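Residue numbers run from 1 in the order of the sequence given. Not measured: the values here are computed from a predicted model. Values below: every heavy atom of this structure, side chains too, minus hydrogens, waters and symmetry copies.
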Amino acid sequence: AQIACDDDALYVRFCCAGLPAQTTFTTNYYRADSLEVFISPDNDHHHYTQLAVTAGGHAVGFRQSRPLDSQRWERKLKGEPIPESEWSDATATITSDGWQAQFRIPFTLLGGRPTTGQPIGLNLMRGRRDGLWPTTQWNATHHGPHAPWACGSLYLESAPPVHVEQEIGRASCRARV
């Protein structure tokens, strides 16, 4: 996966090897091959936004919370669908040897752009529906992807310039990356 941002949005791009096993679904999006982004904008370990796109191009989004009195994931009345008018900016493309998807996640959906130096919680997941239902997660823990307290940390800031100087024989090579 690749992640980038500008002043208005976060961009996440996935490139998946292997053709999708299932591109459509009848009731639940996760019954098709899908890619998901889990973002805890405040990294508060309680609330997060879940965005998904199937290999067939269907995009869904939810605002989720976990109870404050439990480390268990409990979904009962704690999830809220995000209307398509607020977010539906994800695309999926099937290629000859796999598939790829790109998410554009407006910072307005996350409550604003994070402050420099403040991490946001993040997890990424690929679900493959080939009969065994394997999943691959960026920050795989025994809690699964619906665990905002187990998200990895993403910092949205510019990396400082790096000065590289290397002697090559008699010549000197200088680069600013």
### Query
Below 4.5 Å, heavy atoms only, C-beta onward: do R113 and C5 meet side chain to side chain?
yes

#### Entry: Closest non-hydrogen atom pair, P20 against T23
CG-CG2, 3.8 Å

### Task
Could you list the residues that satisfy side-chain contact (heavy atoms from CB on, under 4.5 Å) with T108, not counting sequence neighbours?
P106

### Query
Hey, does M125 have a side-chain heavy atom less than 4.5 Å from the side chain of T136?
no

### Message
Applying side-chain hydrogen bond (donor to acceptor under 3.5 Å, both in side chains), can you list everything that pairs with R31, at least two apart in sequence or on another chain?
### Response
none

### Partners meeting side-chain contact (heavy atoms from CB on, under 4.5 Å) with L19 (sequence neighbours left out)
I94

### Query
Atom CD of Q137 and atom CG of L124: how far apart are they, to the nearest 0.5 Å?
9.5 Å

### Message
Suppose we screen for side-chain contact (heavy atoms from CB on, under 4.5 Å). Which residues come up paired with P81, at least two apart in sequence or across chains?
### Response
F62

### Minimal non-hydrogen separation, P119 against S153, with atom names
CB-CB, 3.9 Å

### Query
Does some side-chain heavy atom of I105 sit less than 4.5 Å from a side-chain heavy atom of I39?
yes

### Query
Do the side chains of F107 and L156 get nearer than 4.5 Å, heavy atoms only?
yes

### Task
Kindly write out the residues that satisfy side-chain contact (heavy atoms from CB on, under 4.5 Å) with C15, not counting sequence neighbours, or none if the list is empty.
R13, Q100

### Residues that R129 engages under salt bridge (charged side-chain N to carboxylate O under 4.0 Å, His left out), provided they are two or more places apart
none

### Query
Hey, what do you get for CG (L154) to CG (N123), rounding to the nearest 0.5 Å?
11.5 Å

### Task
Looking only at non-hydrogen atoms, find the nearest pair between A90 and V53 and report the distance.
CB-CB, 4.0 Å

### Message
According to salt bridge (charged side-chain N to carboxylate O under 4.0 Å, His left out), who are the partners of D42, at least two apart in sequence or on a separate chain?
### Response
none

### Donor-acceptor under 3.5 Å (D33 side chain, Q22 main chain)
yes

### Query
Which pairs count as ring-ring contact (aromatic ring centres under 6.0 Å, His included) when at least one residue sits in residues 80-101, sequence neighbours excluded?
none

### Message
The criterion is side-chain hydrogen bond (donor to acceptor under 3.5 Å, both in side chains); which residues satisfy it with D44, sequence neighbours excluded?
### Response
H47

### Query
What distance do L51 atom CG and L35 atom CG have between them, rounded to the nearest 0.5 Å?
12.0 Å

### Task
Using the test side-chain hydrogen bond (donor to acceptor under 3.5 Å, both in side chains), find all partners of T95 that sit at least two apart in sequence or belong to another chain.
D97

### Task
Sorted by first residue and then second, give each ring-ring contact (aromatic ring centres under 6.0 Å, His included) pair with at least one member in residues 6-27; sequence neighbours left out.
F14-F103, F25-H58

### Message
To the nearest 0.5 Å, what is the distance between CG on L10 and CG on L122?
### Response
7.5 Å

### Message
Using side-chain heavy atoms (C-beta onward) and a distance below 4.5 Å, is L110 in contact with T49?
### Response
yes

### Summary
OH (Y48) and CZ (R63) are apart, to the nearest 0.5 Å, by 13.5 Å

### Message
To the nearest 0.5 Å, what is the distance between SG on C151 and CG on N43?
### Response
7.0 Å

